[in-house]
Structure formats: structure tokens, C-alpha cells
Protein chains: 2
Amino acid sequence: MTNAVTRNELKQRLSAVGLKATHQRIVVYEALTALHGHHPVAEAVYQLLKPAHPTISLGTVYKTLDSFVETGLIKRVLTEAGGKRYDTNLVPHSHIYCSNTKEILDYEDAELDALVTDFFRKKNLENFDMSSVSVQLNGVKKDPEGKISIK
Amino acid sequence: MTNAVTRNELKQRLSAVGLKATHQRIVVYEALTALHGHHPVAEAVYQLLKPAHPTISLGTVYKTLDSFVETGLIKRVLTEAGGKRYDTNLVPHSHIYCSNTKEILDYEDAELDALVTDFFRKKNLENFDMSSVSVQLNGVKKDPEGKISIK
DNA sequence: CTCCCTGCAAAATTTTTGCATCAAT
DNA sequence: ATTGATGCAAAAATTTTGCAGGGAG
């Protein structure tokens with residue numbers, strides 16, 4: 001599902017963007033991929049790491065996530081709940097949001113992205129360089145326990 | 001542009017959703033409409049109100065905004081910056097976001113909403129009741145001082 | 001060996017909460 | 001008169017910052 005990244009690939013990516021490949025950065029990134037689909041906040045990453053890495057500090061997690069976003073290694077997720085949430089998924093994708101359970105489900109569909117991107121391209125926005133579009137679908141799960149599936 | 005709401009209309013709307021029509025709620029709502037397009041945080045609403053209403057408290061502004069969202073009088077705006085931002089505009093609309101200036105511009109276009117809504121309707125999502133879609137267009141203004149316009 | 005990064009702790013921000021008083025219905 | 005809302009202040013939650021010591025290149 002998520003492309004697993006080896007530590008060597010990760011080290012390369014880090015130095016490619018000018019960041020030192022420290023142990024902390026590696027395990028923070030791995031925690032993010034382990035939490036794939038959960039769009040975790042910094043605290044959640046920290047909690048996941050603490051058992052195996054008791055000396056890591058929450059401040060470092062915050063700084064690390066910031067530096068990852070700044071260098072484009074990860075992205076922040078749009079949310080209305082107010083916290084900063086992170087996502088390793090750089091492929092354009094949409095989110096399905098259940099206002100009941102507060103779940104955010106990734107939904108990848110190139111067709112949808114093309115549809116919306118084309119729409120804006122045709123609109124000829126002046127003074128604006130479009131880089132990406134995000135679509136969020138809002139609603140509620142009928143069965144809060146069940147999964148959302150697409151036929 | 002924004003439909004100006006008279007105080008009487010506002011009082012009616014408040015009681016319609018089960019909230020007492022207090023002075024504070026009325027001026028908070030008016031501040032929100034005055035800040036239309038700015039998607040303000042609670043603090044900004046408070047600052048705008050303070051000169052004319054020196055006794056209003058920030059806590060009340062927070063509680064008021066919460067109760068407005070809960071009752072559907074206003075909406076929270078999707079953001080990746082982490083704070084809670086508010087919008088009186090209940091009409092489905094999109095946002096154009098400049099990652100440089102951090103501006104969020106409203107973009108109302110029924111055609112776009114229909115396009116995306118239809119797309120998902122055809123997808124036949126199982127176990128999900130769709131209520132709305134939000135589109136955010138990301139990019140940067142070529143001239144940070146200029147306006148974005150649509151031909 | 002150099003510079004960047006980490007951990008720690010303090011501080012700054014943002015948001016929530018409890019409670020006595022006050023105002024809307 | 002009743003009930004819910006306000007203001008205030010304290011507390012909780014979240015995020016940033018400064019700096020001395022440590023580790024990657």
C-alpha cells in the first residue's frame with residue numbers, strides 16, 4: 001500500500017534535501033509510515049516512538065516534522081479540528097471525512113484530480129500559479145464501526 | 001456580497017437553533033460577517049470587538065464560536081496551519097490558498113461543486129452519507145501584492 | 001573538527017473549564 | 001423565576017524557543 005522505504009533510501013532522501021540523516025529523523029519518518037492513514041499529530045508520533053526510543057524528546061518530534069514539511073518530505077493535512085496533522089503520502093489524493101467518528105480516510109483517484117485540475121485550468125486564474133488541488137468529502141458513516149468501501 | 005443579516009433575523013436564527021439571543025452572540029456574529037473573507041480565529045474576533053465592547057471576554061468568544069459551529073450557524077474552515085478558523089459562508093464553496101501569503105480566498109462556483117458531488121455520487125460509496133464536498137486549490141500568487149481574478 | 005541536531009526545560013500560544021454572577025425568556 | 005450564558009481566572013493542551021552537549025559528515 002504505502003511504498004515501504006528502506007533506511008538507505010530514507011538517508012538518501014534526507015541528505016538530498018539537506019538534512020542530516022540522524023537516528024531520530026529516521027525513526028520519526030518510520031513512525032509516520034507506520035501510522036499511515038491516521039494522519040497523526042506530533043504527540044501521537046511521540047507516543048508511538050517512546051517505548052522503543054525512551055530518550056527521544058517531544059520537542060525533537062515537533063522540529064523534525066516541521067523540517068520534513070519545509071523540505072517537502074511530508075505534507076500537512078487540511079483539518080478543521082485545529083491541530084497539525086501529518087501525512088507521508090505525497091501523491092495527490094482526497095480525503096473522506098466522517099464528522100461523527102472524526103476519521104480521515106485517504107482516497108486516491110487520479111481521475112478526480114484530473115477533473116478538478118482541468119476545471120481550474122480552464123478557468124484561467126490570473127495572478128495564480130496552481131500547484132495542486134485537494135478535495136475533501138464530508139459526511140457520516142452509516143455504521144460507525146464499519147468500513148467505507150467503493151464499488 | 002455577504003448577505004447582511006439584520007439583528008432581528010439573527011435573533012430569530014439563534015432561537016431557531018435553541019440559543020439565547022444574547023448581546024454577545026449578536027456582536028460576535030456581526031464581527032464574523034465584518035471579517036468576511038478573512039476566516040478569522042477567535043482572537044481576531046475578540047480584538048475586533050474589544051474597542052466597542054470592552055467587557056466581552058475571550059472565553060465567551062470561544063464558547064460562542066463553538067456553539068455557532070455546533071448548531072450549524074457557521075462553519076470551521078479547513079486549514080493546515082493548525083488554528084481554528086471560522087466562516088459565516090454556508091453556501092458550498094471552494095478555497096484558493098496561497099502558500100506564500102497564507103491567504104485563503106473564497107471561490108463560489110456551483111458548477112465545480114456539482115462536478116465533484118456528481119463524481120462521488122457515481123462512485124457509490126458504501127456505508128457513507130455524503131453531505132458536502134470542499135475543494136481547495138493550492139498554489140502561489142505570482143504578484144503577492146496583486147489580486148487573483150478569474151476570466 | 002565543524003556544524004547541525006538533540007534533549008531538556010522554560011515560555012509562548014491556543015483552547016478549555018469551573019464557578020459565581022447576570023441576563024434572556 | 002428559571003435556566004442558560006457571561007466574565008474571570010485558572011488550568012490544560014499545543015507548539016515554539018534557547019541553549020549546552022552530542023553526533024553526523
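Hydrogens, waters and symmetry mates play no part in the numbers below; they use all other heavy atoms, side chains included. Per chain, numbering begins at 1; letters A, B, ... match sequence-line order.
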Worked verdict on A/R13 versus A/V5 for side-chain contact (heavy atoms from CB on, under 4.5 Å): CA-CA 10 Å; A/R13 283 209 221 166; A/V5 177; 3.2 Å; yes
Grab the [atom1]-[atom2] distance between [X] and [N] for me, whole Å please.
X	N	atom1	atom2	result
A/Y46	D/dT15	OH	P	15 Å
A/L65	D/dT14	CG	P	14 Å
A/E43	D/dT16	CD	P	14 Å
B/H23	C/dT25	NE2	C1'	18 Å
A/R85	D/dT14	CZ	P	10 Å
A/L58	D/dT16	CG	P	11 Å
A/L19	C/dC3	CG	P	18 Å
A/I56	C/dT6	CD1	P	8 Å

To the side chain of B/S57, which of D/dT6, D/dG7, C/dG7 is closest?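 Comparing D/dT6, D/dG7, C/dG7 against the side chain of B/S57, the answer is D/dG7.
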Of the listed nucleotides (D/dA5, C/dG7, C/dC5), which one gets closest to any side-chain atom of A/R25?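 The answer is C/dC5.
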I'd like to know if the side chain of A/N138 pairs up with that of A/S99 as donor and acceptor (distance under 3.5 Å, no hydrogens or angles considered).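 No, no side-chain donor-acceptor contact under 3.5 Å.
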Using distance alone, with no hydrogens and no angle criterion, decide if B/H93 and B/D87 have a side-chain donor and acceptor under 3.5 Å apart.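 Yes, a side-chain donor-acceptor pair sits under 3.5 Å.
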Can A/E126 and B/K142 be counted as an ion pair, charged N to O under 4.0 angstrom?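 Between B/K142 and A/E126 there is no salt bridge, as every charged N stays at least 4.0 Å from the carboxylate O atoms.
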How long is the straight-line distance from CG of B/L14 back to CZ of B/R25, given to the nearest 0.5 Å?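 The CZ atom of B/R25 sits 7.0 Å away from the CG atom of B/L14.
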Dump every N/O contact between nucleotides 18-21 of chain D and the protein below 3.5 Å, one line per pair.
residue	atom	partner	partner atom	Å
D/dG18	O6	A/K63	NZ	2.9

Close N/O contacts between protein and nucleotides 20-23 of chain C (under 3.5 Å):
none

Please tabulate, one pair per line, all N/O donor-acceptor pairs under 3.5 Å involving side-chain atoms of residues 72-82 of chain B, not counting sequence neighbours.
residue	atom	partner	partner atom	Å
B/R76	NE	A/E80	O	3.2
B/R76	NH1	B/Y86	OH	3.0
B/T79	OG1	B/A81	N	2.9

Phosphate OP1/OP2 of D/dA24: any A/Q24 side-chain N/O under 4.0 Å: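 No.
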Within the pair A/Y62 and D/dT16, is there a side-chain N or O less than 4.0 Å away from OP1 or OP2?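 Indeed not, no polar side-chain atom of A/Y62 lies that close.
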For a quick check of understanding: with a heavy-atom distance under 4.0 Å over all strands, which category does A/S15 fall into, base, sugar-phosphate or nothing?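 Since no nucleic acid heavy atom lies under 4.0 Å of A/S15, the category is nothing.
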Reading DNA chain C from 5' onward, which residue's closest nucleotide shows up sooner: B/K84 or B/A21?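 Result: B/K84.
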Nearest nucleotide by nearest heavy atom, which residue falls closer to the 5' end of DNA chain D, B/G59 or A/R76?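 Closer to the 5' end of DNA chain D: B/G59.
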Hphob cluster co-occupancy, B/F120 + A/I104, side-chain heavy atoms under 4.5 angstrom: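 No; A/I104 is not reachable from B/F120 via cluster members.
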Just jot down the side chain to side chain donor-acceptor pair (under 3.5 Å) partners of B/Y62, sequence neighbours excluded, or say none.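 B/Y62: no side chain to side chain donor-acceptor pair (under 3.5 Å) contacts found.
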Kindly write out the residues that satisfy side chain to side chain donor-acceptor pair (under 3.5 Å) with A/S57, not counting sequence neighbours, or none if the list is empty.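 Only A/T60 meet the side chain to side chain donor-acceptor pair (under 3.5 Å) criterion with A/S57.
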Apply salt bridge (charged side-chain N to carboxylate O under 4.0 Å, His left out) to A/K141 and list each qualifying residue two or more places apart in sequence or on a separate chain.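 Partners of A/K141 under the salt bridge (charged side-chain N to carboxylate O under 4.0 Å, His left out) test: A/E103.
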